[in-house]
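Accompanying notes for the structure given below.
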Amino acid sequence: MIRIEDEIFLKKKFDFEKLKEFGFCFENNTYIYSEDFMDGDFKAVIEISDVLKGKVIDNNSNEEYMPLRIESFDGEYVCKVREAYKSILKRIADICCTDVFFANDQANRITNRIFQTYGVKPDFPWNDDNGVFRHLDTRKWFSLIMYVSLDALLKDGNTRMVNIMNLKSEEHYDIDGIYPAYHMNHKSWISLALDDTLSDSLIMELVSKSYNLTKKKRRK
């Protein structure tokens, strides 16, 4: 089950000045905001640093209200608490965030560099988080960015979600961050983790190779 916070902020980028204006305090390199809701019975606490954390405190017991996180807990009261918490998160997202294409910062940086280099923006043919980059003339893919768990690549049970990029390649790499292609032919495609394991410059070198391998061949 995707976390409530990730669901709301999946394709959002925080504006830190707007966070301050909203009421976030900056302490120990972390932006922190708290708000009572449900007539003061609960408190939402949101922390934003390298990662986004959120929790709901039951003010009567001063403990975290865990039923909020359990999908099978779908009684009327739990649902009201869950929806009220989501409402707070959505208000923060509406006021303090801008929309971006993908969840990970590196995925959005690479997207911008692809546009600057090739004039191409991703399209989303399946109405989900999977973005396709196509040649402008043939509409043929040269890259695909997806949002998957690391387990899809590493097969190690790691449930951390990350954007990955599939690229056409004639080579195989024994480098952290580069893997056999997820959901595509392992012989001719590779997958890159867009979590800053690899440098932007290396990724763009591989994007260039994929672009050239997939472009329309000129007739002799």
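What's counted below: heavy atoms across the whole structure, side chains too, no hydrogens, waters or symmetry copies. Because the structure is a prediction, the values reported are computed rather than measured.
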Does the pair Asn29 and Ser49 meet the rule for a side-chain hydrogen bond (donor to acceptor under 3.5 Å, both in side chains), with working shown? CA-CA 7 Å; Asn29 295 317; Ser49 55; over 6 Å; no
Checking side-chain contact (heavy atoms from CB on, under 4.5 Å) for the pair Leu144/Met184: CA distance, chi angles, key distance, verdict? CA-CA 10 Å; Leu144 166 67; Met184 296 181 78; 4.3 Å; yes
Determine, stepwise, if the pair Gln106 / Asp200 fulfils side-chain hydrogen bond (donor to acceptor under 3.5 Å, both in side chains). CA-CA 8 Å; Gln106 188 171 41; Asp200 289 5; 2.8 Å; yes
Audit row: Ser191, Leu153, side-chain contact (heavy atoms from CB on, under 4.5 Å) steps and yes/no: CA-CA 8 Å; Ser191 287; Leu153 300 177; 3.9 Å; yes
Given side-chain contact (heavy atoms from CB on, under 4.5 Å), test Ile32 with Phe24 step by step and report yes or no. CA-CA 5 Å; Ile32 303 172; Phe24 279 80; 5.5 Å; no
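Ring planes of Tyr211 and Tyr118: parallel class, angle under 30° (limits at 30 and 60°). Under the 30°/60° scheme for interplanar angles, the aromatic rings of Phe124 and Phe101 are found to lie parallel.
In the displayed structure, Asp176 atom CG is contacted under 6.0 Å by at most 12 heavy atoms of other residues, nucleotides or ligands. Residue-environment remark: CG (Asp128) exceeds the threshold of 12 foreign heavy atoms within 6.0 Å. Heavy-atom contacts from other residues, nucleotides or ligands closer than 6.0 Å to CD of Glu170 number 12 or fewer. Environment of CG in Asn28: sparse, with no more than 12 heavy atoms of neighbouring residues, nucleotides or ligands closer than 6.0 Å.
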Please tabulate, for the side chains in residues 37-48, all donor-acceptor contacts under 3.5 angstrom to protein atoms that are two or more places apart in sequence or on a different chain.
none

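When only modelled atom types and interatomic distance are considered, Tyr85 and Glu5 share a side-chain donor-acceptor pair under 3.5 Å. For the residue pair Thr197 / Asp195, a side-chain donor-acceptor distance below 3.5 Å is found, with atom types taken as modelled. No hydrogens or angles considered: a donor-acceptor pair under 3.5 Å links the side chains of Tyr33 and Glu35.
We find that Asp196 and Arg109 are joined by a salt bridge, their nearest charged nitrogen and carboxylate oxygen being less than 4.0 Å apart. Between Lys216 and Asp137 there is no salt bridge, since no side-chain nitrogen of the basic residue lies less than 4.0 Å from a carboxylate oxygen of the acidic one. The pair Lys86-Glu7 meets the salt-bridge criterion, with a side-chain N (NZ, NE, NH1 or NH2) lying under 4.0 Å from an Asp/Glu carboxylate O. Salt-bridge formation is not detected for the pair Asp99/Lys11: no Lys NZ or Arg NE/NH1/NH2 atom is positioned less than 4.0 Å from an Asp or Glu carboxylate oxygen.
With sequence neighbours excluded, the residues that form a side-chain hydrogen bond (donor to acceptor under 3.5 Å, both in side chains) with Asn59 are Asp36. By the side-chain hydrogen bond (donor to acceptor under 3.5 Å, both in side chains) test, Ser143 is found to be paired with no residue, residues two or more places apart in sequence or in another chain being considered.
The ring pair (Phe, Tyr, Trp, His ring centres under 6.0 Å) contacts involving residues 168-194 comprise nothing, where partners must be two or more places apart or lie in separate chains. Each salt bridge (Lys or Arg N to Asp or Glu O under 4.0 Å) pair with one or both residues in residues 20-31, not counting sequence neighbours, appears once here: Glu17-Lys20.
Through chains of ILVMFWY side-chain contacts below 4.5 Å, Met161 is grouped with Leu10, Tyr147.
Atom CG in Leu198 sits 11.0 Å away from atom CD in Glu205 (nearest 0.5 Å). The structure places CZ of Phe22 at 10.0 Å from SG of Cys97, a figure rounded to the nearest 0.5 Å.
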